[in-house]
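Report on one structure; see the data block that follows.
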Amino acid sequence: MQSTIELLNYTSDMGFIDQDDQQYLSSQWGACVHQIHRDAVDVRDMDLIIIGCGERRGQNATKSSSTGPDAIRKAFFKLHNWHPALKVGDIGNIIEGATLQDTRAALRTVLSEIHAMGKKALVLGGSHDLTLQQYDVFRGSDTLTDLSIVDMLADIDESSENRYDNYLMEALTQTPNYVRHFNLIGFQSYYVNPQLIETFDKLRFDCIRVGKARENLEWCEPAFRDSGMVSIDINAIRFSDAPANRLASPNGFFGDEICKITRFAGMGSNLSSIGIYGYEPEYDTDEITAKLIAQMIWYFMDGLLIAKQESPLNDRNQFLEYHLRFTDQDAYFLKSKHSNRWWMQLPDAQFIPCTHQDYITACNNEIPERWMRAVERLV
């Protein structure tokens, strides 16, 4: 395991710090985030580590490194911290390598070491293909994980030689494979080949189109609860709410909805890293997109606190237990006294995340869809 000092060989300080005369109040995140330097804060003391990586050559070989991570920080640092119990550190920005592969290797190394320390990482991108470096953490540690992607597209374009368009192909088909389960949330049907979604469905992956997700966002929350990594492309947000994305759509999640989604991600008990990608500051009118991403991070922190205070499932004193039968199946449901979240038991006795609606469905002697799909994956 490398030390914090060794990790700093891959990063540089935030570019706006010396030029920023902003004096932060003690309650603002700018005064609460610990800047990690060689003679200052140790990564191992933190709950969450922020990493900037403006690499965009995976999307377009002519693009220079983005200043987006610093623009997001400037907006986030102005927000007030309601959760002083969280210790958040910032390790700076990954130094742009001479080649795209150099940058990816540096990001992979930093993420792997943070994961090995048992800490969570927040990556501020950069183009969405950097998601693979999040996945490489599990590939390198020989560990299975649930992978959740929030994107209007399914980035599997076999006709493209551009890794940005088909990085999911590598993550989902490479052997050995470490994706235990895959969630694609917020895809827009008219941009996605229906045969691809059919294939995902046959593999019992969960693909939730944006219309269904927006009907009931709470239904999406269990998908994030067991995810080891979450990746968000801001093209999943409608253009009017996040204009700094040249690949955006007039439809998508509203600003408040994507904030709820990042809160769900923070509440995940197995989360190792979350990445927010696709922000292009040169197109950000009045810094609206930077402000929205800053608010997404604020809600993510809110979710982290909930996860930090949640009791393990084996501490049954902290849960309400419900035993019932549906369609000749014996099942237990658990409800957290702290967060009001639900879990349901499968035939193999393991518990999976679910919603209150799944419990109501079972009470009506019907099989919850989430239960059925989970059982099918056991076969």
Side-chain angles (χ1 to χ4, degrees), residues 3-5 7-8 11-54 67-94 110 114 117-125 230 232 242 244 255-256 258-268 271 273-276 279 281 284 286-310 338-339:
S3 68
T4 299
I5 292 178
L7 290 183
L8 290 171
T11 63
S12 61
D13 292 340
M14 291 155 285
F16 72 93
I17 288 294
D18 293 336
Q19 294 81 27
D20 192 5
D21 330 359
Q22 176 80 40
Q23 296 297 313
Y24 298 107
L25 299 175
S26 60
S27 63
Q28 289 178 303
W29 274 109
C32 299
V33 173
H34 300 274
Q35 307 305 324
I36 298 172
H37 301 289
R38 294 182 182 275
D39 54 354
V41 183
D42 195 318
V43 170
R44 288 167 291 193
D45 296 329
M46 301 293 105
D47 296 309
L48 175 73
I49 308 300
I50 299 173
I51 310 162
C53 186
T67 59
D70 285 350
I72 294 168
R73 287 183 176 102
K74 288 182 71 172
F76 174 64
F77 285 1
K78 295 175 184 177
L79 304 184
H80 289 274
N81 175 14
W82 284 49
H83 305 311
L86 288 176
K87 293 185 177 180
V88 180
D90 197 319
I91 203 168
N93 297 320
I94 296 293
V110 173
I114 290 173
M117 294 176 191
K119 307 302 178 182
K120 303 179 190 298
L122 166 63
V123 181
L124 304 178
V230 174
I232 300 175
D256 62 319
I258 198 67
C259 287
K260 289 180 182 177
I261 286 172
T262 52
R263 184 173 184 266
F264 293 157
M267 292 163 62
L271 186 72
S273 66
I274 180 173
I276 302 176
Y279 173 55
D284 197 7
D286 298 323
E287 300 179 338
I288 289 297
T289 310
K291 292 174 183 176
L292 175 58
I293 296 175
Q295 292 168 21
M296 290 164 59
I297 297 170
W298 191 97
Y299 277 94
F300 173 71
M301 303 292 191
D302 191 57
L304 281 181
L305 188 66
I306 293 173
K308 189 175 182 179
Q309 296 174 344
E310 187 72 274
H338 171 68
S339 65

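For the single chain, residues carry numbers from 1 onward in sequence order.
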How about Y279 and D284: do any of their side-chain heavy atoms sit closer than 4.5 Å?
yes
Counting distance only, does the side-chain N/O of T11 pair as donor-acceptor with the main-chain N or O of I91 below 3.5 Å?
yes
With distance as the sole test, does T289 use its side chain to make a donor-acceptor pair with the main-chain N or O of A244 at under 3.5 Å?
yes
From CG (L124) to CG (D70), nearest 0.5 Å:
9.0 Å
Spell out, as yes or no, whether a donor-acceptor pair under 3.5 Å connects the side chain of R44 to the backbone of G118.
no
When rounded to the nearest 0.5 angstrom, what is the spacing between CD1 in I72 and CD1 in I293?
4.0 Å
E287, CD: over 12 other non-hydrogen atoms inside 6.0 angstrom:
no
Tell me whether D256 contacts the main-chain N or O of K260 through its side chain, where contact means a donor paired with an acceptor under 3.5 Å.
no
When you measure from the side chain of Q28 to the backbone N and O of K78, does any donor-acceptor pair fall under 3.5 Å?
yes
With C259, which residues qualify under side chain to side chain contact (heavy atoms under 4.5 Å, CB included), at least two apart?
L292, Q295, M296, Y299
Is there a donor-acceptor pair closer than 3.5 Å between any side-chain N or O of K119 and the backbone N or O of I49?
no
F300: what forms a ring-ring contact (aromatic ring centres under 6.0 Å, His included) with it, not counting sequence neighbours?
none
Within the 3.5 Å criterion, strictly below it, is a donor on N81 or S27 matched to an acceptor on the partner's side chain?
no
Counting the benzene-type ring for Trp, do F76 and W29 have ring centres under 6.0 Å apart?
yes
Does a side-chain heavy-atom distance below 4.5 Å link V88 with I50?
yes
Considering all heavy atoms of both residues, which atom of H80 and which atom of W298 are nearest to each other, and what is their separation?
O-NE1, 2.7 Å
Pairwise side-chain contact, L48 with M301, heavy-atom cut-off 4.5 Å (strictly under):
yes
Residue pair R73, I297: steps toward the side chain to side chain contact (heavy atoms under 4.5 Å, CB included) verdict:
CA-CA 10 Å; R73 287 183 176 102; I297 297 170; over 6 Å; no
Are the side chain of D90 and the backbone N or O of H34 linked by a donor-acceptor pair below 3.5 Å?
no
What distance do L79 atom CG and C32 atom SG have between them, rounded to the nearest 0.5 Å?
11.5 Å
Interatomic distance, I51 atom CD1 to L122 atom CG [nearest 0.5 angstrom]
8.0 Å
d(I232 CD1, I276 CD1) to nearest 0.5 Å is 5.0 Å
Point-to-point distance, once rounded to the nearest 0.5 Å, from CE of M267 to CD1 of I306:
4.5 Å
Minimum heavy-atom separation for A307 and G266, please, with both atom names.
CB-O, 3.5 Å
Look at K120 together with D47 and state whether they make a salt bridge at an N to O cut-off of under 4.0 Å.
no
Indicate the atoms forming the closest heavy-atom contact of A71 with A290, along with that distance.
O-CB, 3.9 Å
Could you tell me if D302 and H83 have a donor-acceptor pair between their side chains, going purely by distance under 3.5 Å?
yes
Closest non-hydrogen atoms of P69 and G54, given as atom of the first, atom of the second and distance, are CG-N, 4.1 Å
